[in-house]
There are 2 protein chains.
Amino acid sequence: MASVLLTFSLRHNLRLVASGCRYVSKTAPKTLSEFEYDAPSMKTPVPGPKSQELKKQLGEIQNVGAINFFCNYEESRGNYLVDADGNRMLDLYTQISSVPIGYNHPALMKAVTNPNNLSAFVNRPALGILPPENFPEKLIETLLSVAPSGMTRLQTMACGSCSNENAFKSMFIWYRVSVLACSYVCLFKQAPGCPDLSILSFMGGFHGRTLGCLATTHSKVIHKLDIPSLDWPIAPFPRLQYPLEEFARENSQEEARCLEEVEDLIVKWRQKGKPVAGVVVEPIQAEGGDNHASSDFFIKLRNIARKHGCAFHADEVQTGGGATGKFWAHEHWGTDDPADIVSFSKKMLSGGYYHTDELQPDKTQYPHLLSRARGQGTFCAIDARDDVTRDNLLLKTRDKGVLLGGCGERSIRFRPALVFKEHHAHQFLNIFNDVLAEYK
Amino acid sequence: MASVLLTFSLRHNLRLVASGCRYVSKTAPKTLSEFEYDAPSMKTPVPGPKSQELKKQLGEIQNVGAINFFCNYEESRGNYLVDADGNRMLDLYTQISSVPIGYNHPALMKAVTNPNNLSAFVNRPALGILPPENFPEKLIETLLSVAPSGMTRLQTMACGSCSNENAFKSMFIWYRVSVLACSYVCLFKQAPGCPDLSILSFMGGFHGRTLGCLATTHSKVIHKLDIPSLDWPIAPFPRLQYPLEEFARENSQEEARCLEEVEDLIVKWRQKGKPVAGVVVEPIQAEGGDNHASSDFFIKLRNIARKHGCAFHADEVQTGGGATGKFWAHEHWGTDDPADIVSFSKKMLSGGYYHTDELQPDKTQYPHLLSRARGQGTFCAIDARDDVTRDNLLLKTRDKGVLLGGCGERSIRFRPALVFKEHHAHQFLNIFNDVLAEYK
């Protein structure tokens, strides 16, 4: 409701400003709250003298070029941010959209001071190897209770950049598994290693500033200047004309143009040997200028990704957590299958990504057991780690109904008939996978 | 002292184990502590039934391939980690070296429950634009009080990977400024943009697993499999033979061989147009196998980096915070000028990097003012953003004692004499920088 009122007020206000009037909102009764202030209160110009002095001090330690002013977070309450000079401002920006329910919200204070949560703040578990015993339960109660449609799996991270970096990695790993599994020939034609895969992103997109994320970030030149990047495709993002109702035809054409370009880029990058493993997009481009597109655009984009075997990643770091009137912005698209992967941070006061079952990695990957995959046509081979393992794999695979041969010291050779079809490849891969799993 | 005892015990123990005896330490009197346990206590095999059940549950949500067992962090104390099945273990691994002073240390409990620190946990300031008013003071009291020698500047981060990613970015930006400033010709021959710069790392190194960090990580194949990488040089890290005193000559030759290779790689990558902006190294390679090198090796490495104009980055994410018997492992090198940049996380219960004044970016970068740098020999030009700015820059630079010309609509042309030397370039750059700074 609040967001509808805000949008309405902003639109209304824009028109009044245009005609030179000062708009006094009729829909702004004082919000009664025990802990919130009731109005802004300005005591000095901003930045005030104390902020200026602190900026000088901090300038001795780090780059302060982007600092607006210094804050008194203890005194800040709800929608009001108090600065170091005692100015109290109604905050419509909330730390670049990172404060979910206002400053020092009593519910958060209670959670943080709850003695049962204390050890989570004091200790620093390596979650991947030694998680706390309540970890599954906590994930189910919290982040999984708001999981996007179709997503049952969740990886937690500490910040938005790490969330996207690792989401990209999941897509790369998934893509390789997916490509490997889709054809027998592919399986043995692609050697393991660091493949030349890419992520398709959009002009105006912002996905973080670590090196992988930065290769998909195209909002401000200053973010990228002097930093090496990757040769990944960048598609145009629709530039809609407003009001939407007056430009329906033009906007539809604009979106079609961008989608066509996406498809062309996917084909082009595949042709130049850097296939697109995933497409990453914000449901609303935030840092790039609050650029919107229609639900139709996103659904078609997701379908293009699927058609070309690319994963589809909705970056909800800025849009997630309720800001758009739904918990996730992609819910506005009205589909049960919005994406393969959804990343989050900021308002979620945490970070990570949700993904579908298919993106679960580690299904056919046994680098400690297998190496040197090689082949031409159906004439393929792969090496086991030693002769004992090779012989064992041959026997166990045979016991499950697949005949393979050995060659050399520790190689497994594949010599199927020329009537070998994709479903035979799947039969083999499923059985071989079961055998390999016993070595884990 | 503890570390000396531990090393001694381990060495002694190795010899006794070799001869088949069980070593009973004479130097292990029970540590008296109010809050710590007095010995391990095992109740089930590990992982016990409860850990196994939890692993099944978590397996529905995320990849659990690396999980050892689940922990009861509330019950863990000091050096003892308690698992979900009530097993109490003496912890010599401490969450991959991330627990500085044991589990639930009273001093940390006190800091976390101090009401003055509460707002730091509840709110989530965007530190780069709206830092808390006590930020400079807190940085000075804490992280800066243990700054490495020669480093006055500090950037905080949330984790080790982000610390290294951003340290790399600082080196790239520094390198460009540094190359630009070192020769007038270079200044105008390199167009702004995303240059093909590289970071030199070592075989066996581990610097994190986001995409930039991963390009410098070479400890386990599984970390890199299926993820695209960057064409950056990788040097061999010395493989020392033990005991050191018996292999002094061989180890010295081994280190010399690696250093020679470093220098060759720097030259080679410069020749192929991907100059090395920085060299990153762990004082002790941890993830890669606890590989040590002599102080002499690191000092020579730092000098090679300096000689070739590369920044030198000591990654102390694992080694920092006291683990090596000094606060920073690089202190063992015995030099006042150990590195240009030192990153940290883990035991520091935070993350970030220290750096020298020279690595402070943002000194000669004015992409909003200048573009299209171009030139041949001394015949160079750069464009201002518009004609008014161009004319203004020409006048102001002249007022400070440098004559420049204009050409075209908004270009500045440089036509120095053929006796123009490096120190003249510095004179110009210093003055031009002052003029540009007024536009900030």
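Reminder, nothing fancy here: chain letters follow the sequence lines and each chain counts from 1.
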In the structure I gave you, are the side-chain heavy atoms of [X] and [Y] within less than 4.5 Å of one another anywhere?
X: A/Ile129; Y: B/Tyr93; value: yes
X: A/Cys71; Y: B/Pro125; value: no
X: A/Arg209; Y: B/Lys169; value: yes

First locate atom [atom1] of [X], then atom [atom2] of [Y], and finally report the distance between them rounded to the nearest 0.5 Å.
X: B/Ser161; Y: A/Asn166; atom1: OG; atom2: CG; result: 8.0 Å
X: B/Asn68; Y: A/Leu130; atom1: CG; atom2: CG; result: 5.0 Å
X: B/Glu165; Y: A/Cys213; atom1: CD; atom2: SG; result: 8.0 Å
X: B/Asn63; Y: A/Ile173; atom1: CG; atom2: CD1; result: 9.0 Å
X: B/Leu144; Y: A/Glu60; atom1: CG; atom2: CD; result: 11.0 Å
X: B/Leu349; Y: A/Phe121; atom1: CG; atom2: CZ; result: 13.5 Å

What residue in [options] has the most heavy-atom pairs under 4.5 Å with chain B?
options: A/Thr152, A/Ile140, A/Leu54; value: A/Leu54
options: A/Leu108, A/Leu81, A/Leu58; value: A/Leu58
options: A/Asn72, A/Ile96, A/Val64; value: A/Asn72
options: A/Asn116, A/Thr156, A/Leu118, A/Thr113; value: A/Leu118
options: A/Gln57, A/His105, A/Gln155; value: A/Gln155
options: A/Pro136, A/Ser229, A/Gly128, A/Ser198; value: A/Pro136

Might you point out which heavy atoms bring [X] and [Y] nearest each other, and give the distance in Å?
X: B/Ser119; Y: A/Glu74; answer: OG-OE2, 3.2 Å
X: B/Val122; Y: A/Asn104; answer: CG1-CA, 3.8 Å
X: A/Lys50; Y: B/Glu133; answer: NZ-OE1, 3.2 Å
X: A/Phe172; Y: B/Leu211; answer: CE1-CD2, 4.1 Å
X: B/Tyr73; Y: A/Pro131; answer: CE1-C, 4.0 Å

Distance flag, aromatic centroids of A/Phe135 and B/Phe70, threshold under 6.0 Å: no

Looking at [options], which one has more heavy-atom pairs under 4.5 Å with chain A than the rest?
options: B/Gly102, B/Ala126, B/Gly212; answer: B/Ala126
options: B/Pro132, B/Cys159, B/Ala84, B/Pro100; answer: B/Pro132
options: B/Lys55, B/Met109, B/Lys274, B/Met171; answer: B/Met109
options: B/Asp196, B/Asp83, B/Val112; answer: B/Val112

Before you tell me yes or no, could you show the steps for A/Thr210 and B/Cys162 under side-chain contact (heavy atoms from CB on, under 4.5 Å), namely the whole-Å CA-CA distance, both residues' side-chain angles and the distance that decides it to 0.1 Å? CA-CA 7 Å; A/Thr210 45; B/Cys162 286; 4.2 Å; yes

Applying side-chain hydrogen bond (donor to acceptor under 3.5 Å, both in side chains), run through B/Ser345 and A/Arg124 and close with a yes or a no. CA-CA 11 Å; B/Ser345 186; A/Arg124 187 172 175 157; 3.3 Å; yes

So for B/Leu139, is it side chain, backbone, both, or neither that comes closer than 4.5 Å to the heavy atoms of chain A? side chain

